Undergrad: 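Here it is, the structure in full.
Nothing here was measured: the structure is a model prediction, and the numbers come from that model. Chain letters run A, B, ... following the sequence lines, proteins first, then strands; residues in each count from 1.
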Amino acid sequence: MKRSGFIEELHECQEKEEKNYLSKKNIMEAAQHHQVPPARAYGVATFYTMFSVQPRGKHIIRICRNLSCHLAGAEEIVKKLRETLGIDFGQTTEDGEFTLEESSCLGMCSLSPAMMIDDVPYGNLTPAKIPEILEQIRRRENRNE
Amino acid sequence: MSEERQLRIVLRNAGLIDPDSIDEYIAHDGYSALERVISEMSPDDVIEEIKKSELRGRGGAGFPTGKKWEFTAKADSDQKYIICNADEGEPGTFKDRGIMEGDPHSVLEGMMIAGYATGTNKGYIYIRGEYALSIKRLQKAIDDAREYGFLGEHILGSGFAFDVEIRRGAGSYICGEETALMESIEGKRGEPRKKPPYPPTCGLWGKPTVINNVETLANIAPIVINGADWFKGIGVEGSRGTKVFNLMGDINWKGVVEIPFGTPLSDIVMNMGKGIRGGRKLKAVVLGGVSGSLITSEELDTPVDFNSLARIEAGPGSGSIVVLDETRCIVDIARDIAYFFRHESCGKCTPCRVGTEEMYRIIDRISKGEGEERDINTLESLGKSMMLTSFCGLGQTAPNVILQSLRKFRDEWLTHIREKKCPVNV
């Protein structure tokens, strides 16, 4: 029996999914692989905030609202993100590009307010920078296609 | 000015060497402590040296590191583990990220020495999943250390074998609690376990396990190289060595400082942090994270060490210093903190699951001018119940700052309730 790495396997499954989520099939396969009962596997998949059992966008935006970001004006950034993307927390843009999520402290407090888009940290945010950052990601994607 | 007051032991190499280069680490005495313990010291000698140094854990609880190691060393088992707790998640804290990104080998070397001292051959580093760069740097450090023969079988030609694996977290504050972290490594939901038994005798997969914070481990090699007496010469009675702090909030300079224990908090905020932004007055400091304590300007001269801070019901906690100036509203701060804990409670026990939810609901109502005077009493009795009856440290410490704010800034709470407005207009 493989004793560890169940969560690691869920990470890997999710990273391979274009829609950044754990499908029922993913969870069941990982559960079988690690001899974990399905109920417990689902319990794990829904416990951790980085995992999702619902399809998400290509890019996950994680914005911090904890103390230091809050003091630095995180609410303004949240407002601008909602406005620019036209979605609320937990939702995905119609084109399937972005999902907006809240995150607990990202450890970027000296650069607050801060957020991460996928693995990339963005700090010292202002509302004006938000459309620019999102546009850059969209442009990069178009170039790659 | 601020540079002179700092003393860099943990951050000795951060910013100085290329963190991706094992050669640069070695050129700065890297792995010479490992060489020394393997060639000149018995495992008992190492434990004695760490005990003599009086090093205490840097994750918040401050347990003596040498004692922890001794429990595991004495435990009789076919398998033991060393875990590095790198699940840094306390809001306002990024010191461990700085250490891992700036000097990953210092953490590994500390783990190897812990492994040698306790008779352990397997280590895990549990890093929160959001710390992508820390994960990358540590993985490179592990690969290089293995290639150079510092990890694996017959380390430096001896009979000592040790290897390290990284385990990524997946977004959960509670996993910083040591037993929840072990559950997570075992592939389960990160819910805390009943203690006792404690990890040094019954930890990961029920085996004796040493679990140390990143910063604690980064202190080990310098203690071995320079000796326990040298380390004891730094800091004050009961708190030896240095502490890494993250400075932020309404100050002129935000960032990382490493200070000898015993440095007054005012020195850190006013000199190293270069004072309050915009020439304003200081209102309070949230010290040690949102589960830590709330320090008023009258208490600012308190020396930062375990004993002095305990006298004002505070502690160094996670190593976070969030400065609030006079324009900040205490109810707004309490509301943000309550919002955080409401989200991060794992739900295992009722006092925390329901208590964090209720606390947020009441504070949110007060912040909207819909509070009643009896809410203050409710918050206080609720907070006390949570501290006394929650299953783990999360629920026991979640009310800390909120309760202290009710005591220290009571008038401001009452103004929100009686006059339905915020005195500082937030």
Undergrad: If you look at every heavy atom in A/Gly107 and B/Tyr131, which pair is closest and at what distance?
TA: CA-OH, 3.5 Å
Undergrad: Chain A heavy atoms under 4.5 Å from B/Val286: which part of the residue, side chain, backbone, both or neither?
TA: side chain
Undergrad: Given heavy-atom pairs under 4.5 angstrom as the criterion, report whether the side chain, backbone, both or neither of B/Glu90 touches chain A.
TA: backbone
Undergrad: So, taking the atom named CG in A/Leu106 and the one named CZ in B/Phe94, what distance separates them when rounded to the nearest 0.5 Å?
TA: 12.5 Å
Undergrad: Nearest 0.5 Å, what's the CZ-OG distance between B/Arg128 and A/Ser104?
TA: 7.5 Å
Undergrad: Would you name the heavy atoms of A/Phe6 and B/Gly187 that are closest together and state the gap between them?
TA: CD2-O, 3.3 Å
Undergrad: Thinking salt bridges, do B/Arg167 and A/Glu8 make one under a 4.0 Å N-O criterion?
TA: no
Undergrad: Which bit of B/Arg168 is near chain A, if near means a heavy-atom gap under 4.5 Å: side chain, backbone, both or neither?
TA: both
Undergrad: Check each atom of B/Glu88 against the heavy atoms of chain A and say whether the ones under 4.5 Å are side chain, backbone, both or neither.
TA: neither
Undergrad: Side chain, backbone, both or neither: which part of B/Cys346 has a non-hydrogen atom closer than 4.5 Å to chain A?
TA: both
Undergrad: By a 4.5 Å heavy-atom criterion (distance strictly below it), what part of A/Glu102 contacts chain B: side chain, backbone, both, or neither?
TA: side chain
Undergrad: When rounded to the nearest 0.5 angstrom, what is the spacing between OG in B/Ser172 and CD1 in A/Ile7?
TA: 9.0 Å
Undergrad: Compare every heavy atom of A/Leu67 with every heavy atom of B/Asp336, then report the nearest pair and how far apart it is.
TA: OD2-N, 3.0 Å
Undergrad: May I ask you to check whether over 12 heavy atoms, not counting those of B/Lys122, lie within 6.0 Å of atom NZ?
TA: yes
Undergrad: Which bit of B/Asn246 comes within less than 4.5 Å of chain A, counting heavy atoms only: side chain, backbone, both or neither?
TA: neither
Undergrad: Counting only non-hydrogen atoms closer than 4.5 Å, does B/Asp332 touch chain A with its backbone (N, CA, C, O), its side chain (CB onward), both, or neither?
TA: both
Undergrad: Looking only at heavy atoms and a cut-off of under 4.5 Å, which of B/Gly255, B/Gly129, B/Gly98 has the most pairs with chain A?
TA: B/Gly129
Undergrad: Just so I know, are the side chains of B/Lys254 and A/Ser112 near enough to count as touching, which here means a heavy-atom distance under 4.5 Å?
TA: yes
Undergrad: Would you give the length of the straight line joining atom NZ of B/Lys95 to atom SG of A/Cys109, rounded to the nearest 0.5 angstrom?
TA: 12.5 Å
Undergrad: Using heavy-atom distances under 4.5 Å, tell me whether B/Leu133 contacts chain A through its side chain, its backbone, both, or neither.
TA: neither
Undergrad: Is any side-chain heavy atom of A/Cys105 closer than 4.5 Å to one of B/Thr93?
TA: no
Undergrad: To the nearest 0.5 Å, what is the distance between OG1 (A/Thr49) and CD (B/Glu130)?
TA: 6.0 Å
Undergrad: Taking atom CD as the centre, does A/Glu94 end up with more than 12 heavy-atom neighbours from other residues, nucleotides or ligands that are less than 6.0 angstrom away?
TA: no
Undergrad: Nearest 0.5 Å, please: how far is CG in A/Asp119 from NZ in B/Lys136?
TA: 10.0 Å
Undergrad: Would the distance check show the side chain of B/Arg189 and the main-chain N or O of A/Phe47 forming a donor-acceptor pair, the cut-off being under 3.5 Å?
TA: no
Undergrad: Tell me, side chain or backbone of B/Ser184 under 4.5 Å from chain A's heavy atoms, or both, or neither?
TA: both
Undergrad: List the atom of B/Gly249, the atom of A/Leu71, and the distance in Å for their closest heavy-atom pair.
TA: CA-CD1, 4.2 Å
Undergrad: Out of B/Gly169, B/Ala132, B/Pro91, B/Gly289, return the one with the most heavy atom pairs under 4.5 angstrom to chain A.
TA: B/Pro91
Undergrad: Looking at A/Gln32, I'd like to know if its CD atom is crowded, meaning that more than 12 non-hydrogen atoms belonging to other residues, nucleotides or ligands lie closer than 6.0 Å.
TA: no
Undergrad: Under the rule for side-chain contact (heavy atoms from CB on, under 4.5 Å), what residues qualify as partners of B/Glu357, not counting sequence neighbours?
TA: B/Arg342
Undergrad: Within residues 120-134 of chain A, which residues come under 4.5 Å of chain B, heavy atom to heavy atom?
TA: none
